[in-house]
Each structure stands twice: as structure tokens, then as C-alpha cells.
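All values reported here derive from a predicted model rather than from experimental measurement. The sequence lines fix the lettering, A, B, ..., with proteins before strands; numbering per chain opens at 1.
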Number of protein chains: 2
Amino acid sequence: MDRAIDKVRDALQARGLRLTKPRRLVAEKVLSARRHLAADDVLEMLRRDGTPVARATVYRTLEMMKECGTFDEHDFGRGRKVYERAIGRPHHDHLYCIGCGAIIEFQEPEIERLQDQVTRRYHFIAMYHSHKIFGYCRRCGPKAPSGDKAHDEPPRHQDTKND
Amino acid sequence: MDRAIDKVRDALQARGLRLTKPRRLVAEKVLSARRHLAADDVLEMLRRDGTPVARATVYRTLEMMKECGTFDEHDFGRGRKVYERAIGRPHHDHLYCIGCGAIIEFQEPEIERLQDQVTRRYHFIAMYHSHKIFGYCRRCGPKAPSGDKAHDEPPRHQDTKND
DNA sequence: TTGATACTGAGACTCAGTCTCAATACGAAC
DNA sequence: GTTCGTATTGAGACTGAGTCTCAGTATCAA
């Protein structure tokens, strides 16, 4: 984690940017989070910690960290962007449970290879990609897709990674 | 196209919904479009045609058509959802050009197969997925990723499919 | 210490999308 | 055809994530 913040500093400095106190506070929240965080989550967490950071600064910092490659940004269609640490962990894609909001990460090198093949086919230069599979996790199960109203208000399982 | 509108009607009726005039007008725009359309595009096109439909109705209809499986909805990160006809055409995914906004469709059955494998691995029941590759198309080329400011205002190629 | 520049915070603003509710259209029953 | 209940529409207010502006503050180099 200290290692991670150093890498964040390096990434910023490489672009002539500083790791100021507000930026560090935002970065630490995302780096240590056990789930994907939205700007509002970070805002709220810092407020509760007694170290509030302005809304604009949080948004600017998250965007900046994404540009530097230290955070990954995802949009699971809930009308807000969420972030997770990118440094020090391998690339992965996501399964998103429509029932409970759980996010499961997966790696499939063969898909990545096929993607390269596709982009070559179209003389396309890939910069990044977004591969998400939406459905129902093991716990929400096959019953969910039916008219099961219990799932309109997604239950939040304790030990899963929610957005 | 007449065939298509009939399928739209059937899909609605199967859910006890009617194909009213405003809904038909919205549906026809998306069915006949040569590119992905946002709600605002549809709104504007209908206004220009002299057959205006209320904003709320357009949004409601697009959502409804998606639910019925007649339209596909995509979000390419430009802050608005876009739609394309789904009936009468095979499933595909997209390459999105950051330079000019061009959208290239691709099909890769092998990726779909690997996806199934992934979901099985996690006991996940997939309902739909979103697979997008962002980068630069043949015309925007390898020069684009550099600090080429000419691409801040994406040029719009005449014969490509923009969102 | 000074000047130039980067950064922050507060709050106004934007804009896609949603909600509300009165008015209207439509299908079924009479 | 008329009536009644329900589905649908339109206008415009509202929401909420994200952006912008700009004055004030911090930081760096000289």
C-alpha cells in the first residue's frame, strides 16, 4: 500500500503533476478499498474521516488517476462511474450480478488473444477495452430472472464486491 | 422494414402493450437508421419531420423496445445511451474509434464460447454482455494516440457509422 | 522574497434521463 | 355508438452525476 502510493506519486511526477494532500487522500481510499468506489463514495468516506475534499477535486483526481493508469474506471450502467486500483494487479474483466450488484473479476487470456485478432482484422489500434457480462451470480441464482420482485431492491451480500 | 415493424408490434402485444403512433414513429427511426441513435437524435429527427413526439415518450419507448428485445442499447462512454435495431440481425460487439466516433461491428463466435466457459466457471447465469474495444480506426491511425490535438474535436468521416 | 504556476474549494451550471399529473386515446362491454 | 376503465401521451418540473469558473491558496524556482 505504501509501495502503491509511491507508484502513484511516480506516475503523477512523470507527467509533471504533484501528489498533493487532497490527491493522496483520494488515492488512498481507492487503493485500499475492497470494492469499486464511485466519486460520491470517496467524497462521503473522506467527509466521515474528518478530512473532506471538495467534490470537484475528487472528480478531477479520479479522472487524473485514470489517465495516469493507476486507476481503472468502469461503468456498470448504474449511472455513475466506479474506480478500482489498477497498479500492482493483473488486467481482468468483470461479471456483474444484476440481482445483488456483486462484481466478480475474471481473467481469460484466450479472449484477449482473440481480441487482438479481431482488431488486426479491422486495422484497428486498440487502446483499452471493456468486457462485462451481466447476469445472476451463484447466490442470486436461476430464480432471479423470473418476476421475482424480491430482487427489485438488490440484497447486498456481506462478502461480495459491490459497486 | 415492414416486416420489422410487424415484429415490433408482435413483441409489444406479447407483453400486452400497444404499438401506438408515437411508438411506431420512434421505432421506425431506429429500424431504418444507418447508425446508432440517441434519444435526442430521434427527438430531433421527428421534430424535423413535422411529427414531434414528447421527450418522455421517446425515452419511454426506447427503454420499452430494449426490454422487448427489439433494440439493443449501448453506452460508449459519451454520456448518453445509443440504440440500434436488434431484430433481424445477428448478435455482434463493437470497436469504437476514440478519434472520429466511428463504430465497427464484429462477430467472434469463439469469444462467445469462451464467455460461456467463464460464466460456467463462476456458476454465473449470463443474461447479456457488453464487449467494446476502444482505440483508433484505420483512418485515424497510429498517429492519433500521440498529443495530436487535432483529434480533440473528432473529425466525422462521411461514410462511417457514428454514435 | 518574489513571481509564476499549479492546485483547491465553493457553488453555479449542464445535460441526459426520470417523474408527475392532467389530458387524451383506445379497447371492451354494453 | 356510448360508456367506462385503463393505457398512453405531453409538458414541464425535477434529479443527480459530472463539469466549469474563478477567486483564493500552496508550491516551486530563481
Side-chain angles (χ1 to χ4, degrees), chain A residues 8-9 11-30 36-47 49-68 71 73-83 101 152 163, chain B residues 8-30 36-47 49-68 71 73-83 101 152-153 163:
Chain A
V8 170
R9 180 180 289 109
L12 288 174
Q13 285 180 346
R15 286 167 177 75
L17 299 167
R18 301 178 204 142
L19 181 63
T20 61
K21 189 182 166 200
R23 286 177 187 170
R24 186 172 49 71
L25 289 168
V26 171
E28 281 170 352
K29 282 299 169 207
V30 177
H36 293 69
L37 297 182
D40 242 31
D41 296 325
V42 175
L43 216 40
E44 180 53 28
M45 292 165 93
L46 292 174
R47 199 174 290 145
D49 284 359
T51 51
V53 169
R55 174 211 264 297
T57 303
V58 169
Y59 276 99
R60 279 188 291 236
T61 303
L62 292 172
E63 170 70 16
M64 180 182 295
M65 299 290 172
K66 181 190 70 172
E67 291 302 321
C68 292
F71 292 176
E73 179 189 273
H74 306 291
D75 182 347
F76 292 103
R78 293 295 194 91
R80 56 185 205 162
K81 295 172 182 168
V82 294
Y83 298 82
D152 276 353
D163 73 336
Chain B
V8 170
R9 179 179 291 110
D10 293 347
L12 288 175
Q13 286 180 347
R15 286 166 177 75
L17 300 166
R18 301 178 204 142
L19 181 63
T20 61
K21 190 183 165 197
R23 287 176 188 172
R24 186 172 48 72
L25 289 168
V26 170
E28 281 171 351
K29 282 300 170 207
V30 176
H36 294 69
L37 298 183
D40 242 31
D41 296 325
V42 175
L43 215 41
E44 179 53 28
M45 291 164 93
L46 293 173
R47 198 174 289 144
D49 283 359
T51 52
V53 169
R55 174 210 264 294
T57 303
V58 169
Y59 276 99
R60 279 188 291 235
T61 303
L62 292 172
E63 170 69 15
M64 181 182 295
M65 298 290 170
K66 181 190 70 172
E67 291 302 321
C68 292
F71 293 175
E73 179 189 272
H74 306 292
D75 183 347
F76 293 104
R78 293 297 193 89
R80 55 184 205 162
K81 295 172 182 168
V82 294
Y83 299 83
D152 275 355
E153 270 298 309
D163 73 334

Side chain to side chain contact (heavy atoms under 4.5 Å, CB included) against A/Thr57, all qualifying residues, sequence neighbours excluded: A/Pro22, A/Val53, A/Ala54, A/Arg60, A/Thr61
Mind listing the closest non-hydrogen atom pair of B/Ala27 and B/Phe71 along with its distance? CA-CZ, 3.8 Å
Figure out the CD/P separation between B/Gln13 and C/dG27, and round it to whole Å. 10 Å
Run the salt bridge (Lys or Arg N to Asp or Glu O under 4.0 Å) test against B/Glu44 and tell me which residues pass, sequence neighbours left out. B/Arg47, B/Arg48
Could you give the CG-to-P distance, from A/Leu43 to D/dT19, as a whole number of Å? 14 Å
Do the non-hydrogen side-chain atoms of A/Leu37 and A/Met45 ever get within less than 4.5 Å of each other? yes
Shortest non-hydrogen contact from A/Arg55 toward A/Leu43: CA-CD1, 3.7 Å
Atom CE of B/Met64 and atom C1' of D/dT8: how far apart are they, to the nearest Å? 9 Å
Full working for side-chain contact (heavy atoms from CB on, under 4.5 Å) between B/Val30 and B/Met65: CA-CA 10 Å; B/Val30 176; B/Met65 298 290 170; over 6 Å; no
Tell me the interatomic distance from B/Lys81, atom NZ, to C/dG17, atom P, rounded to whole angstroms. 6 Å
Testing the basics here: between B/His36 and B/Asp41, what is the closest heavy-atom pair and its distance to 0.1 Å? O-OD2, 4.3 Å
What is the distance from CZ of A/Arg78 to P of D/dT15, rounded to the nearest Å? 21 Å
What N/O pairs connect the protein and nucleotides 10-13 of chain D at under 3.5 Å? Give each pair on its own line.
from   : atom 1 : to      : atom 2 : distance (Å)
D/dG10 : OP2    : B/Ala54 : N      : 3.2
D/dG10 : OP2    : B/Thr57 : OG1    : 2.9
D/dG10 : N7     : B/Arg60 : NH2    : 3.0

Can you tell me how far apart CD (B/Gln13) and SG (B/Cys68) are? Round to the nearest 0.5 Å. 11.0 Å
Looking at C/dG17, I'd like to know if its phosphate oxygens (OP1 or OP2) sit under 4.0 Å from a side-chain N or O belonging to B/Tyr59. yes
Expressed as a whole number of angstroms, how long is the span from B/Leu62:CG to D/dT9:P? 12 Å
Let me test you: for the helix from C/dT1-D/dA30 to C/dC30-D/dG1, what is the angle between the axes at its two ends (five pairs each), rounded to 10 degrees? 30°
Would you tabulate the pairs of protein nitrogen or oxygen atoms and nucleotide nitrogen or oxygen atoms of nucleotides 25-30 of chain D closer than 3.5 angstrom?
none

Using whole Å, what does the distance between atom C1' of nucleotide D/dG16 and atom CZ of A/Arg80 come to? 11 Å
Provide, to the nearest angstrom, the distance between the CG atom belonging to A/Leu19 and the P atom belonging to C/dA6. 17 Å
Residue pairs involving residues 15-27 of chain A (criterion salt bridge (charged side-chain N to carboxylate O under 4.0 Å, His left out); sequence neighbours excluded): A/Arg24-A/Glu28
Comparing B/Ala39 and B/Lys21 on DNA chain C - which has the more 5′ nearest nucleotide: B/Ala39
All heavy atoms of A/Arg80 vs all of A/Asp75, minimum pair found to be O-OD1, 3.9 Å
Kindly write out the residues that satisfy salt bridge (Lys or Arg N to Asp or Glu O under 4.0 Å) with B/Lys29, not counting sequence neighbours, or none if the list is empty. B/Asp49
